[in-house]
Amino acid sequence: MTATLGSRTRRKKAQKEIAQLISKKIVPPIVALVLFLAVWQLLCSTLKSNLPGPIETFSETWDPFIIQPFFDNGGNDKGLGWQLLNSLGRVGLGFSLSAFVGIFLGMFIGSNQLFYNAVDPLFQVLRTVPPLAWLPISLAAFQQANPSAIFVIFITSIWPILINTTVGVQQLPQDYRNVARVLKLRGSKYFFKILFPATVPYIFTGLRIGIGLSWLAIVAAEMLVGGVGIGSFIWDAYNTTTETNLSEIILALIYVGLVGLMLDKLVALVAKKIVPQEQKN
């Protein structure tokens with residue numbers, strides 16, 4: 001009898017939690033999305049504008065861009081699935097390089113005050129340079145579009161990773177340093193047992209900002225370097241603008257936003273699994 005009552009209590013508790021989750025986390029975004037689509041459709045219907053509403057956008061792009069995202073007619077005439085995968089490949093490579101270099105340099109710079117004083121002004125100047133301003137330099141250096149776009153990703157995303165890692169090292173609590181002295185931890189033991197674990201929250205803050213900047217930069221870079229990629233797709237559609245092409249551009253922008261959201265959530269999920277609970281507050 002007691003077991004049955006306990007089971008019912010747990011079931012009711014679970015149902016209550018699910019109901020709260022739906023009412024607080026699922027219903028509000030759906031309502032906001034419906035209102036946004038309604039306003040969008042209303043504005044495009046009442047104002048003298050060439051922009052398509054949501055109904056026109058999805059009806060004009062349903063075949064082939066929505067139901068056949070991986071069609072391939074050769075050359076650059078590919079579905080949005082292939083365009084996004086090519087862009088993600090460039091972002092993955094450029095972001096991985098920036099993460100490796102940024103974390104390594106950040107650890108070194110944060111641990112060496114003299115070196116930090118020497119390079120910090122230079123880094124503060126370079127990090128304010130807009131991403132696309134690096135594109136002519138990268139094209140001149142690499143002579144090819146693909147490595148140039150990857151370099152733009154690298155140079156755009158490295159700064160938040162580098163700076164946050166440096167700050168994390170500099171903010172290492174004195175108690176941690178004292179423990180390291182007492183236990184005589186040096187070299188790799190000090191790095192893996194004291195320094196790196198304490199810096200991980202700062203590193204993931206930089207990584208989360210960096211992945212967002214990477215995705216922003218690749219779309220802009222691909223508009224100029226061409227080839228297969230979501231940025232190139234948007235630019236090519238704009239250069240041959242028709243009402244149907246405007247719908248394709250809007251659909252591509254929706255996909256760009258959704259992929260950017262997923263990348264951010266992915267880094268946040270990894271951080272949630274790795275960063276110790278006591279370091280999250």
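Predicted, not measured: the structure shown is a model, and the values here were computed from it.
- Between the side chains of Gln41 and Ser45, at least one donor N or O lies within less than 3.5 Å of an accepting N or O.
- Side chains of Ile249 and Phe233 form no contact here, defined as non-hydrogen atoms less than 4.5 Å apart.
- Nearest heavy-atom pair across Phe95 and Gly210 is CE1-C, 3.7 Å.
- The ring of Phe71 has its center closer than 6.0 angstrom to the ring center of Phe65.
- Taking Ile, Leu, Val, Met, Phe, Trp and Tyr as members and joining any whose side-chain heavy atoms lie under 4.5 Å apart, directly or through other members, Ile137 forms no hydrophobic cluster with any other residue.
- Under the 4.5 Å side-chain contact rule for hydrophobic residues, Leu139 and Ile153 do not share a cluster.
- Between Phe100 and Phe104, the ring planes lie parallel to each other; the angle is under 30°, not in the 30° to 60° tilted range.
- The shortest non-hydrogen separation linking Ala237 to Asn245 is O-ND2, 3.3 Å.
- Although no hydrogens or angles enter the test, the distance criterion places no donor-acceptor pair under 3.5 Å between the side chain of Trp82 and the main chain of Pro69.
- Screening residues 254-269 for side chain to side chain donor-acceptor pair (under 3.5 Å) gives Arg208-Asp264 as the qualifying pairs, with residues at least two apart or on separate chains.
- Between Pro131 and Thr156 the shortest heavy-atom distance is CB-OG1, 3.3 Å.
- Not one N or O on the side chain of Ser232 forms a donor-acceptor pair closer than 3.5 Å with the backbone of Val228.
- Of all heavy-atom pairs between Gly206 and Ile161, the closest is O-CG1, 3.5 Å.
- A 4.5 Å side-chain heavy-atom check between Pro54 and Ile250 finds every atom pair outside the cut-off.
- Among residue pairs with one or both ends in residues 112-141, those qualifying as ring pair (Phe, Tyr, Trp, His ring centres under 6.0 Å) are Phe108-Phe115, Phe123-Trp159; sequence neighbours excluded.
- In this structure, the separation between CG on Leu126 and CD1 on Ile158 is 10.5 Å, given to the nearest 0.5 Å.
- Ile218 and Ile234 fall within a single hydrophobic cluster, where Ile, Leu, Val, Met, Phe, Trp and Tyr side chains are chained together by heavy-atom contacts under 4.5 Å.
- Using cut-offs of 30° and 60° on the angle between ring planes, the pair Phe151 and Phe142 is tilted.
- Taking every heavy atom of both residues into account, Leu135 and Ala221 meet most closely at CD2-O, 4.2 Å.
- In this structure the side chain of Phe196 reaches within 4.5 angstrom of the side chain of Ile203, judged on heavy atoms.
- Taken from CD1 in Ile211 to OG in Ser157, the straight-line distance is 7.5 Å, to the nearest 0.5 Å.
- The side chain to side chain contact (heavy atoms under 4.5 Å, CB included) test with Asn164 is passed by exactly one of Thr205, Thr199, Leu207: Thr205.
- Contact record, Pro197 with Pro201: O-CD, 3.9 Å, taken as the closest heavy-atom pair.
- Residue Leu253 is not grouped with residue Leu213 when hydrophobic side chains (ILVMFWY) are merged at heavy-atom distances under 4.5 angstrom, including chains of intermediate members.
- Residues forming a side-chain hydrogen bond (donor to acceptor under 3.5 Å, both in side chains) with Ser87 (at least two apart in sequence, or on another chain): Glu222.
- Summarising the geometry, atom OH belonging to Tyr238 is positioned 15.5 Å from atom CD belonging to Glu248; distances are rounded to the nearest 0.5 Å.
- Using a distance-only test at 3.5 Å, with no hydrogens or angles considered, no donor-acceptor pair links the side chain of Asp77 to the main chain of Asn73.
- At a threshold of 4.5 Å between side-chain heavy atoms, the hydrophobic network of Ile, Leu, Val, Met, Phe, Trp and Tyr places Ile274 and Val267 in one connected group.
- Judged by distance alone, with hydrogens and angles left aside, the side-chain atoms of Glu56 form a donor-acceptor pair with the main-chain N or O of Gly53 at under 3.5 Å.
- A chain of hydrophobic side-chain contacts below 4.5 Å, direct or via other Ile, Leu, Val, Met, Phe, Trp or Tyr residues, connects Leu122 to Leu162.
- Residue Ile55 is found outside any hydrophobic cluster, as its side-chain heavy atoms come under 4.5 Å of no other Ile, Leu, Val, Met, Phe, Trp or Tyr.
- Applying the side-chain hydrogen bond (donor to acceptor under 3.5 Å, both in side chains) test to Asn112 and every residue at least two apart in sequence or in another chain returns nothing.
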